[in-house]
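A short worksheet on the structure shown next.
It should be emphasised that the depicted structure is a prediction, and the values quoted were computed from it without experimental measurement. Just the heavy atoms: all of them, side chains too, but no hydrogens, waters or symmetry mates, feed the values below. Residues: numbered from 1 along the sequence shown.
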Amino acid sequence: MRFDDLVIPDTPACRGALEVATGYHSPSLLNHSIRAYLWAAAYAQDNRIAFDAELLYVAAMLHDIGLAAEFDSHTVPYEEAGGHVAWVFGAGAGWSPERRTRVSEVIVRHMWDEVPVAEDPEGHLLELSTGMDISGRQTGDLPAEVRREVLERYPRLEIAKEFSGCISDQGTRKPSSFAGRFVRGGIVDRIAANPLDA
């Protein structure tokens, strides 16, 4: 498998989600969002998991939008804030209420320990791919050539340092959130040991 074999959707909603991510994320977080989709698409193709490419792409572009200062909530975890932003984005894109709810669910679930693939393939893939990119979990499951090409096109830049700061801040301010649990569970050390940064 090569980069050019991946399904990369090109719809108005996908272009809009990329524009939002580009406007509100640092270069490191933007590249992380793009890689999250690409890792998910590669894993899905390699493991014959059928998925809605547009839904997954929009969710990947917006899954960390709750970390942006403009959307950071002091009352809900950042993945829930991101889910709300995605729901509003979906309304603007003309999506049905059901599809808006789906994109919100996928974003919220990316922080779960596990999302059953049979129940939610897009949630499963985003949870898996963000874990790959942030903490290096299961990166050996990615085809080596795709891994090389993606990292060349969308380099990691300062994602380890930046995301460690973001998740630590979220965990401190919202200790009962998944972010708080991840920080207490040693996520910062796992980020530092990510083999993708070796």
**Asked** Is the shortest heavy-atom distance from the side chain of Phe89 to the side chain of Ile65 under 4.5 Å?
**Response** no
**Asked** With no hydrogens and no angle check, is any side-chain donor or acceptor of His124 less than 3.5 Å from a backbone partner on Val115?
**Response** yes
**Request:** Could you tell me the separation between the CG atom of Asp141 and the CH2 atom of Trp39, rounded to the nearest 0.5 Å?
**Result:** 12.5 Å
**Closest heavy-atom pair and its distance - Ser129, Ala36** = OG-O, 2.8 Å
**Request:** Quick one: pull up CZ in Arg181 and CG in Asp113 and give me the separation to the nearest 0.5 Å.
**Result:** 4.5 Å
**Asked** Is there a side chain to side chain contact (heavy atoms under 4.5 Å, CB included) between Leu196 and Arg147 once you walk through the steps?
**Response** CA-CA 9 Å; Leu196 293 177; Arg147 193 169 61 237; 3.7 Å; yes
**Prompt:** Less than 4.5 Å apart, any side-chain heavy atom of Ile134 and any of Asn194?
**Reply:** no
**Message:** I'd like to check the side chain to side chain contact (heavy atoms under 4.5 Å, CB included) partners of Asp189; sequence neighbours left out, ordered by chain and number.
**Reply:** none
**Message:** For the OG1 atom of Thr130 and the CZ atom of Arg35, what is their distance to the nearest 0.5 Å?
**Reply:** 12.0 Å
**Complete:** Rounding to 0.5 Å, atoms NE2 (His63) and CG (Leu126) come to a distance of 6.0 Å
**Message:** Within this structure, what is the CE-CD1 distance for the pair Met61 and Ile34, rounded to the nearest 0.5 Å?
**Reply:** 5.5 Å
**Item:** Min side-chain heavy-atom separation Met132-Tyr43 under 4.5 Å
**Value:** yes
**Request:** Check whether any side-chain N or O of Gln170 sits under 3.5 Å from a backbone N or O of Ala179 as a donor-acceptor pair, and report yes or no.
**Result:** no
**Message:** Test of understanding: clusters of I, L, V, M, F, W, Y form through side-chain heavy atoms closer than 4.5 Å, transitively. Do Met111 and Val188 belong to the same one?
**Reply:** yes
**Message:** Are Phe3 and Leu30 linked, directly or through intermediate hydrophobic residues, by side-chain heavy-atom contacts shorter than 4.5 Å (ILVMFWY only)?
**Reply:** yes
**Item:** Side-chain heavy atoms of Ile159 within contact of Asn31, under 4.5 Å
**Value:** no
**Request:** Kindly indicate whether the side chain of Val103, heavy atoms from C-beta on, has any atom under 4.5 Å from the side chain of Glu122.
**Result:** no
**Message:** For a quick test of reading the model, state the closest non-hydrogen atom pair linking His32 to Asp133 and the distance between them.
**Reply:** ND1-OD2, 2.7 Å
**Asked** Should side-chain heavy atoms under 4.5 Å link Ile, Leu, Val, Met, Phe, Trp and Tyr, which residues sit in the same cluster as Val76?
**Response** none
**Prompt:** What heavy-atom pair brings Tyr78 and His110 nearest, and what distance separates the two atoms?
**Reply:** OH-NE2, 3.9 Å
**Asked** Below 4.5 Å, heavy atoms only, C-beta onward: do Val117 and Leu125 meet side chain to side chain?
**Response** no
**Prompt:** Does CD belonging to Glu19 count more than 12 external heavy atoms closer than 6.0 Å?
**Reply:** no
**Request:** Flag yes if Val106 and Val88 sit in one hydrophobic cluster, no otherwise; membership is Ile, Leu, Val, Met, Phe, Trp, Tyr, and two members link when side-chain heavy atoms are under 4.5 Å apart.
**Result:** no
**Asked** Between Glu152 and Arg148, does at least one N-O distance fall below 4.0 Å, as a salt bridge requires?
**Response** yes
**Asked** Just how far is it from atom CZ of Arg173 to atom OG1 of Thr75, taken to the nearest 0.5 Å?
**Response** 10.5 Å
**Prompt:** Are Val146 and Leu151 joined in one hydrophobic group, where the rule is that I, L, V, M, F, W and Y side chains link up if heavy atoms are under 4.5 Å apart?
**Reply:** yes
**Asked** For the side chain of Ser104 and the backbone of Arg100, is there at least one donor-acceptor N/O pair under 3.5 Å apart?
**Response** no
**Prompt:** What closest approach, in Å, do Ala42 and Leu6 show between heavy atoms, and which atom pair accounts for it?
**Reply:** CA-CD2, 3.5 Å
**Request:** Would you check if Arg15 and Leu18 make a side-chain contact, meaning some heavy-atom pair closer than 4.5 Å?
**Result:** no
May I have the list of side-chain donor-acceptor pairs in residues 48-56 shorter than 3.5 Å, sequence neighbours left out?
residue	atom	partner	partner atom	Å
Asp52	OD1	Glu54	N	3.2
Asp52	OD1	Leu55	N	2.9
Asp52	OD1	Arg99	NH2	3.1
Asp52	OD2	Arg99	NH1	2.8
Asp52	OD2	Arg99	NH2	3.1
Glu54	OE1	Arg99	NH2	2.9
Glu54	OE2	Thr11	OG1	2.7

**Prompt:** Is any NZ, NE, NH1 or NH2 atom of the basic residue among Glu162 and Arg156 found under 4.0 Å from an Asp or Glu carboxylate oxygen of the other?
**Reply:** no
**Message:** Taking Phe163 as the starting point, is it possible to reach Val183 by hopping between hydrophobic residues whose side chains are less than 4.5 Å apart?
**Reply:** yes
**Message:** Between Lys174 and Asp72, does any side-chain N to carboxylate O distance fall below 4.0 Å?
**Reply:** yes
**Prompt:** Are Lys161 and Ser28 close enough that some pair of their side-chain heavy atoms sits under 4.5 Å apart?
**Reply:** no
**Message:** Walk me through whether His84 and Phe71 qualify under side chain to side chain contact (heavy atoms under 4.5 Å, CB included).
**Reply:** CA-CA 10 Å; His84 289 298; Phe71 302 111; over 6 Å; no
**Request:** Heavy atoms only: give me the nearest Ser135-Ile187 pair and the separation to one decimal.
**Result:** CB-CD1, 4.1 Å
**Asked** Between Val7 and Pro9, what is the shortest heavy-atom contact and its length?
**Response** O-CD, 3.7 Å
**Request:** Verify the distance criterion only: is there a donor paired with an acceptor across the side chains of Glu80 and Ser73 at less than 3.5 Å?
**Result:** no
**Message:** Looking at Arg137 and Arg190, would you say the former's side chain and the latter's main chain have a donor-acceptor pair under 3.5 Å?
**Reply:** no
